[in-house]
Protein chains: 2
Amino acid sequence: MLTERQRMILNAIVDDYIRSAEPVGSRSISKRGDVKYSPATIRNEMADLEELGFLEQPHTSAGRIPSHKGYRYYVDHLVPWNPAGSTETETIRAFFAEKLNAMEQLIQHAAMILSNMTNYTSILLGPEVFHTSLRHFQLLPLDDRTAVAIIVTSTGQVENRKVSIPPEISVSEMEKVVNLLNSKLVNVPLYKLKSRLYSELGQEMQRHISHYEELMQMLDMALESDSEQRVYLSGATNMLTQPEFRDVDKVKDILDLLEETPTLLKMLAPAAGGTGIQVRIGTENKHEAFAACSLITATYSIDGEAVGSIGILGPTRMEYAKVLGILGVLSRDLTAMLGHWYK
Amino acid sequence: MLTERQRMILNAIVDDYIRSAEPVGSRSISKRGDVKYSPATIRNEMADLEELGFLEQPHTSAGRIPSHKGYRYYVDHLVPWNPAGSTETETIRAFFAEKLNAMEQLIQHAAMILSNMTNYTSILLGPEVFHTSLRHFQLLPLDDRTAVAIIVTSTGQVENRKVSIPPEISVSEMEKVVNLLNSKLVNVPLYKLKSRLYSELGQEMQRHISHYEELMQMLDMALESDSEQRVYLSGATNMLTQPEFRDVDKVKDILDLLEETPTLLKMLAPAAGGTGIQVRIGTENKHEAFAACSLITATYSIDGEAVGSIGILGPTRMEYAKVLGILGVLSRDLTAMLGHWYK
DNA sequence: GTTAGCACTCGACCTAGATGAGTGCTAACC
DNA sequence: GGTTAGCACTCATCTAGGTCGAGTGCTAAC
């Protein structure tokens, strides 16, 4: 579709624009050294590239900037695919060498490392508990009316919630039920817990236990969908350092969206479906506040199954090569780490 | 120190400036209605107030703005102390009527309500676990090399961390130790756990248990200081709506600091020492990035003891009356709620 | 003690001209 | 035919000068 020379020129323009954030003129391309044509020739090609929709011109007498289509072509065909520089790889390796003794810490820390390395905003989705199963269930009374329900998953995550104990239920009855649950529901996937509770244990419990109704209500509450996936955000303020977001009004909308957990979830969740690294440029993100942003996402897995995702948000004028490299290494290493952790 | 008229005029200037964010002239004060003097008279008083250090003039031919000292006087002597409007009180009441079944959710939600009501940034310090005691301890094996240590506190908070099991230790031994811990260490304050572990249980365990060293090392890790207080932030982007922070460079430093948990901790922690509501204006905050900000803090308690604090960060030109009212009601209600919750 | 009047100050805003980076087009060159 | 030098043209940015008006400080009158 594009001639070799056009690709070279497009590549040069995107490269320059990523560095300078300013419209690129034909003369500066000519001076770069890798495109050995005069400015006039380059101008002609640039006019063609603009007609084809790969470039845009802010105004008549300015240089060109890449259009969304231009970035897309750059990402798909031109971006130098180097699997992260050695210093970066080293930083990531060093990070994973640290001993972090809780999943939460690990993910949070990873988000920080990412935003520091890239100078963009990093968004991490904690591991989806959807496919994990129950390891242990416990009800711990705090006083005679409330208790803490503790759920430990097969991956070692611990969730807890407070429940109120129906006054009719005795301590011994509760213990009986908890034991029953542990013997029957261990290794059942979390999302099936509640249906199993009714189908398998319902009858048995109804026989042995008084106040079946109240008890079930309490257990229902205790096992309430814990699938609220955690979102970790880091380096949101890096947005402010980008020249395209010097204007407070523009950046406000973006930062507002970043404060909303459900929005972030929606943005990163679809990525988990696909595999590998995905790039969404400008309006390919649904929210119009992100029209001037690009989002690069990758997934990580436990046991061969994608359970969470990593995202880097920056301006469309993003250092794609660098970010792609870093994200590749990090998602691979995170997968390896977790696989090793939870055999 | 100030005449009644001077106080009236100072009050009017601060009031106006809080609303408009623009230097206040003598004419607009005169037109307000509550100060029945001509602009000329007011000008004379303003000159005096400036000499006394309560007002400042951005440049010769502009109106006056309050100095830090002016704000301080306003907050200490002039601010209309109304305990939150009825609509606001209602909103807060409605919030507490909601059923939230985990401490974490409650606090996080409270932070959101606060920032929404005030349009400033709210910072909440989760309850300090320092003075809470151990309710229950558990070690749950995940595989033959790792286990999850679960600590439940007297306030129903659940902490967990992953520990590695020394290969020499058998399951039965571990159970024995956990039972011992639960019988001996329950109701011991968390911060004393580790010392008690050594002092009270050391000898006994050394007698009964083989591989004492390795075991102790594991327990040490499991009981590792969990006192990392959680910080909840909400509405950080509200800073961007303030006209004094239209400039990205100014607001960047502030938002950067807000991303650092330790900084927030340091800022709010001292407040927990004092009692009641405190106002820190401008440079009274230690960080110079906050020189143009005011921080209003309040504490909340469990069982008569201050365990956490609430902060509202805004420009020095803050709606002190409104925020003070809201914060007063919220901290009182939060205290009541928690007291009720954890009898 | 209070107020009207007035000269003065100074930032905000507008306009006009200079500057220069960059373009599109044409004609000459290889 | 592809490439390039030359040139007129465009247009955002910058600067300087000028107007405007809000607000002051001072003086004199009430």
Side-chain angles (χ1 to χ4, degrees), chain A residues 2-10 12-17 19-67 70 243-244 246-247 250 317, chain B residues 2-10 12-17 19-67 70 243-244 246-247:
Chain A
L2 292 186
T3 67
E4 187 54 37
R5 194 168 70 183
Q6 283 175 324
R7 295 160 60 119
M8 271 174 63
I9 289 173
L10 178 55
I13 290 174
V14 176
D15 256 20
D16 261 30
Y17 186 64
R19 266 212 312 275
S20 68
E22 255 152 48
V24 183
S26 54
R27 218 176 91 86
S28 57
I29 297 287
S30 175
K31 276 196 300 187
R32 271 172 54 112
D34 55 345
V35 182
K36 299 214 176 305
Y37 293 96
S38 76
T41 310
I42 293 171
R43 274 205 293 283
N44 287 330
E45 294 287 26
M46 278 161 82
D48 289 351
L49 282 169
E50 183 172 356
E51 207 166 346
L52 290 168
F54 292 101
L55 296 178
E56 281 170 0
Q57 216 171 3
H59 56 266
T60 322
S61 69
R64 303 301 209 288
I65 61 174
S67 66
E244 38 265 271
R246 301 292 305 170
D247 182 14
K250 280 183 202 148
R317 182 190 61 77
Chain B
L2 293 186
T3 67
E4 187 54 36
R5 195 168 70 182
Q6 282 175 326
R7 295 160 60 119
M8 272 175 62
I9 290 172
L10 178 56
I13 290 174
V14 176
D15 256 21
D16 261 29
Y17 186 63
R19 264 212 313 274
S20 68
E22 257 153 47
V24 183
S26 53
R27 219 175 90 87
S28 55
I29 297 287
S30 174
K31 275 196 301 189
R32 273 171 53 112
D34 55 346
V35 183
K36 301 216 173 304
Y37 294 95
S38 76
T41 310
I42 293 171
R43 274 205 293 283
N44 287 331
E45 294 287 27
M46 279 160 84
D48 290 350
L49 282 169
E50 184 173 357
E51 208 165 346
L52 290 168
F54 292 100
L55 296 179
E56 281 170 3
Q57 217 171 2
H59 55 266
T60 322
S61 69
R64 303 303 208 289
I65 62 175
S67 66
E244 37 265 90
R246 300 291 305 170
D247 183 14

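Here is the naming used below: chain letters follow the sequence lines, and residue numbers restart at 1 for every chain.
In this structure, A/Arg43 CZ and A/Asp48 CG are separated by 13.5 Å, a value rounded to the nearest 0.5 Å.
For A/Glu51 and C/dT23, the CD to P distance is 16 Å, given to the nearest whole Å. In this entry the distance linking CD of B/Glu22 with P of C/dG11 reads 15 Å, nearest Å. Whole-Å rounding puts the A/Ile29 CD1 to C/dG22 P distance at 10 Å. Across the protein-nucleic acid pair, B/Ile42 atom CD1 and D/dG25 atom P stand 13 Å apart, rounded to whole Å. Taking atom CD1 on B/Ile13 and atom C1' on D/dT24, their separation rounds to 13 Å, with Å as the unit. Distance, B/Met46 CE to D/dG25 P: 8 Å, rounded to whole Å. The distance between atom OH of A/Tyr17 and atom P of C/dG22, rounded to the nearest whole Å, is 14 Å. Atom C1' of nucleotide D/dC9 and atom CD of A/Gln57 are separated by 13 Å, given to the nearest angstrom.
For the pair A/Glu56/A/Ile65, a side-chain contact is recorded, criterion being any heavy-atom separation below 4.5 Å from C-beta on. Put simply, the side chain of B/Gln6 does not reach to within 4.5 Å of the side chain of B/Phe54, judged on heavy atoms.
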Could you go through nucleotides 12-15 of chain D and list every protein N or O atom that sits under 3.5 Å from one of its N or O atoms, giving the distance for each pair?
none

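Candidate nucleotides D/dT3, C/dG5, C/dG24 were compared by shortest atom distance to the side chain of A/Ala47, and C/dG24 ranks first. Picking from C/dT2, C/dT23, D/dT4 the nucleotide with the shortest atom distance to the side chain of A/Ala40 gives D/dT4. Considering only the side chain of B/Thr41, C/dT2 comes nearest among D/dT3, C/dT2, D/dG25.
Closest approach of B/Glu45 and B/Ile9 over heavy atoms only: CB-CD1, 3.5 Å. Shown here for B/Met46 and B/Val24, the closest heavy-atom pair between the two residues is CE-O, 3.6 Å. Across B/Pro39 and B/Ser30, no two heavy atoms sit closer than the pair CD-OG, 3.6 Å. Nearest heavy-atom pair across A/Ala62 and A/Gln57 is O-NE2, 3.3 Å. Contact record, B/Glu50 with B/Leu55: CG-O, 3.6 Å, taken as the closest heavy-atom pair. Nearest heavy-atom pair across B/Ala12 and B/Ile29 is CB-CD1, 3.7 Å.
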Symbol by symbol from the 5' end, with Watson-Crick or G-U pairs under 3.5 Å, [ ] crossing and | another strand, DNA chain D is ||||||||||||||||||||||||||||||

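One cannot find a donor-acceptor pair under 3.5 Å joining the base of D/dG21 and the side-chain atoms of B/Arg27.
In terms of phosphate contacts, B/Ser38 brings no side-chain nitrogen or oxygen within less than 4.0 Å of OP1 or OP2 of C/dT2. Under 4.0 angstrom from either OP1 or OP2 of D/dT24 there lies at least one side-chain N or O belonging to B/Arg64. Residue A/Arg5 has a polar side-chain atom (N or O) positioned under 4.0 Å from OP1 or OP2 of D/dT3.
When heavy atoms are screened at a 4.0 angstrom cut-off, B/Thr60 is found touching the sugar-phosphate backbone but no base atom.
With hydrogens and angles ignored, the 3.5 Å screen pairs a side-chain donor or acceptor of A/Ser67 with a backbone N or O of A/Gly53.
Closest-nucleotide positions on DNA chain C for A/Asn44 and B/Glu45 were compared, and the one nearer the 5' end corresponds to B/Glu45.
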